[in-house]
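Reviewing the structure listed below.
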Amino acid sequence: MLIKRASDIDNMKKGMNNKAFTVIELMVVLLMLTLLTGVIYPVMLQGQVTSKRTLCQFNLKNFSMATEIYCSDNSGYLPAPTQEQNSPFWTTNQWRKVIGPYISGDDVFTCPSIIDITSTDEIGSYVYSMSFYHSPEQINTIKDQNQTITPEKNLEVKAQKMDAVAKPDAKVIYGEWNSNHAMIDDENGWWNWSGQRNFVFSDGHTAFLKAADINSANDTLPDANVTIDGIKGSDYN
């Protein structure tokens, strides 16, 4: 009987040792998971950022293709406002009324990385360049960003033709207004030299560019609305 009890004691010790070893193993596994999480999470986060940036470029491609169809239906002329337009046609809420019928769904008109949608209610996520509905000569008269707010009251609307674009691979037709994918403290859209934005050019290709890499426009800003020489000029070399 005593032998049996001694055996039981030995088994209990072995069990305790096994349990202690299991706890150590668990601690090692948890440590490894913590380390892996520290490595994987930033990768996953970067993946989300890249995914949203790609989706934003997809939106811009949609605008480009819709504009091509619009031109085909309108003797080659690009979207333009009526002379009685009360607010800037280059803002999302205005030009989308023209090419909207050529696009399926409304989600494409909002950048997927936008944080505060109310902050862009007035202008919207994406801008359509004024250079496509005013002549190069008209665009060259605009030296101040304030002149782009209600230009239709001061300038006659002159819709341009896509085949008149001198440098299709260098002239922005649509672009993000804010730097949603590279946040900056003092956001002022195309009217500042900070941040990065997605653009689609007249030839249909997209690019994610720093504001500092955009050519200076007539208002001395990286403002594709008033590119020097309008559709005859270039926004990026």
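Basis for what follows: all heavy atoms, side chains included, without hydrogens, waters or symmetry-related copies.
- Note that the CH2 atom of Trp95 and the CH2 atom of Trp90 stand 12.5 Å from one another [nearest 0.5 Å].
- Ring planes of Phe201 and His205: parallel class, angle under 30° (limits at 30 and 60°).
- Looking at Asn178, its side chain never comes within 3.5 Å of a backbone N or O of Asn180 through a donor-acceptor pair.
- Listed here is the closest heavy atom pair of Thr91 and Pro88: OG1-O, 2.8 Å.
- Ser135 places a side-chain N or O within 3.5 Å of a backbone atom of Gln138 that can act as its donor or acceptor partner.
- Here the side chains of Cys71 and Tyr77 are not in contact, with every heavy-atom distance at 4.5 Å or above.
- Checked options Val172, Asn225, Leu78; the residue passing with Phe132 is Leu78 (criterion: side-chain contact (heavy atoms from CB on, under 4.5 Å)).
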side-chain contact (heavy atoms from CB on, under 4.5 Å) between Cys111 and His181, intermediate numbers included: CA-CA 9 Å; Cys111 173; His181 306 280; 3.6 Å; yes
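- Using bins of under 30°, 30° to 60° and over 60° for the plane-to-plane angle, the ring pair Tyr133/Phe89 lands in the perpendicular bin.
- When all heavy atoms of Asn59 and Pro112 are compared, the closest pair comes out as ND2-CD, 3.9 Å.
- No donor-acceptor pair under 3.5 Å is formed between the side chain of Lys167 and the backbone N or O of Asp235.
- Going from atom CG of Asn215 over to atom OH of Tyr236 covers 9.5 Å, rounded to the nearest 0.5 Å.
- Thr92 has its side chain out of reach of Ile123: every pair of non-hydrogen atoms, C-beta onward, lies at least 4.5 Å apart.
- Rounded to the nearest 0.5 Å, atoms NZ (Lys161) and CG (Asn74) are 11.0 Å apart.
- Side-chain N or O atoms of Glu187 include one that pairs as donor or acceptor with a backbone N or O of Gly189 at under 3.5 Å.
- Under a 4.5 Å side-chain heavy-atom cut-off, the cluster of Ile, Leu, Val, Met, Phe, Trp and Tyr residues that includes Leu55 is completed by Phe58.
- With sequence neighbours left out, Asp169 forms a side chain to side chain donor-acceptor pair (under 3.5 Å) with no residue at all.
- Ile231 is not listed as a side-chain neighbour of Met162, based on a closest heavy-atom distance of 4.5 Å or more.
- With contacts defined as side-chain heavy-atom distances shorter than 4.5 Å, the pair Thr141/Gln147 does not qualify.
- Between the side chain of Glu176 and the backbone N or O of Asn198, at least one donor-acceptor pair lies under 3.5 Å.
- When side chains are defined from C-beta on, Asn218 does not count as touching Thr227, because their heavy atoms never get closer than 4.5 Å.
- Remark: the backbone N or O of Asp107 is not paired with any side-chain donor or acceptor of Thr110 at under 3.5 angstrom.
- Separating the CG atom in Asn62 from the CD1 atom in Ile99 is a distance of 8.5 Å, to the nearest 0.5 Å.
- Remark: of the listed residues Phe109, Tyr128, Tyr102, Phe109 is the sole one forming a ring-ring contact (aromatic ring centres under 6.0 Å, His included) with Phe63.
- Between the NZ atom in Lys158 and the CD1 atom in Ile139 there is a gap of 11.5 Å [rounded to 0.5 Å].
- A donor-acceptor pair shorter than 3.5 Å can be found between the side chains of Trp191 and Asp223.
- Here the side chain of Thr206 pairs no donor or acceptor atom with the backbone of Phe199 at under 3.5 angstrom.
- With hydrophobic clusters built from ILVMFWY side chains whose heavy atoms lie under 4.5 angstrom apart, Ile69 shares a cluster with Val108.
- Note that CZ of Arg197 and SG of Cys56 are 11.5 Å apart. Values are rounded to the nearest 0.5 Å.
- Counted by atom type alone, Asp229 and Asn140 present one or more donor-acceptor pairs between their side chains at under 3.5 Å.
- A side-chain donor-acceptor contact under 3.5 Å links Ser179 to the backbone of Ala182.
- The hydrophobic clustering, which links ILVMFWY residues whose side-chain heavy atoms are closer than 4.5 Å, places Ile214 and Phe208 apart.
- The closest side-chain heavy-atom distance from Ile173 to Thr67 is below 4.5 Å.
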Trace of the side-chain contact (heavy atoms from CB on, under 4.5 Å) decision for Met65 with Ile103: CA-CA 9 Å; Met65 292 186 289; Ile103 294 176; over 6 Å; no
Is there a side-chain hydrogen bond (donor to acceptor under 3.5 Å, both in side chains) between Ser234 and Asn237? Walk through the geometry before answering. CA-CA 7 Å; Ser234 62; Asn237 296 327; 3.3 Å; yes
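- No more than 12 heavy atoms of other residues, nucleotides or ligands lie within 6.0 Å of NZ in Lys210, so this atom counts as exposed by the packing criterion.
- The closest donor-acceptor contact from the side chain of Ser202 to the backbone of Lys171 lies under 3.5 Å.
- With a 4.5 Å cut-off on side-chain heavy atoms, Leu155 and His134 count as touching.
- Two residues are said to be in side-chain contact when any heavy atoms from C-beta on lie closer than 4.5 Å; Val127 and Tyr174 fail this criterion.
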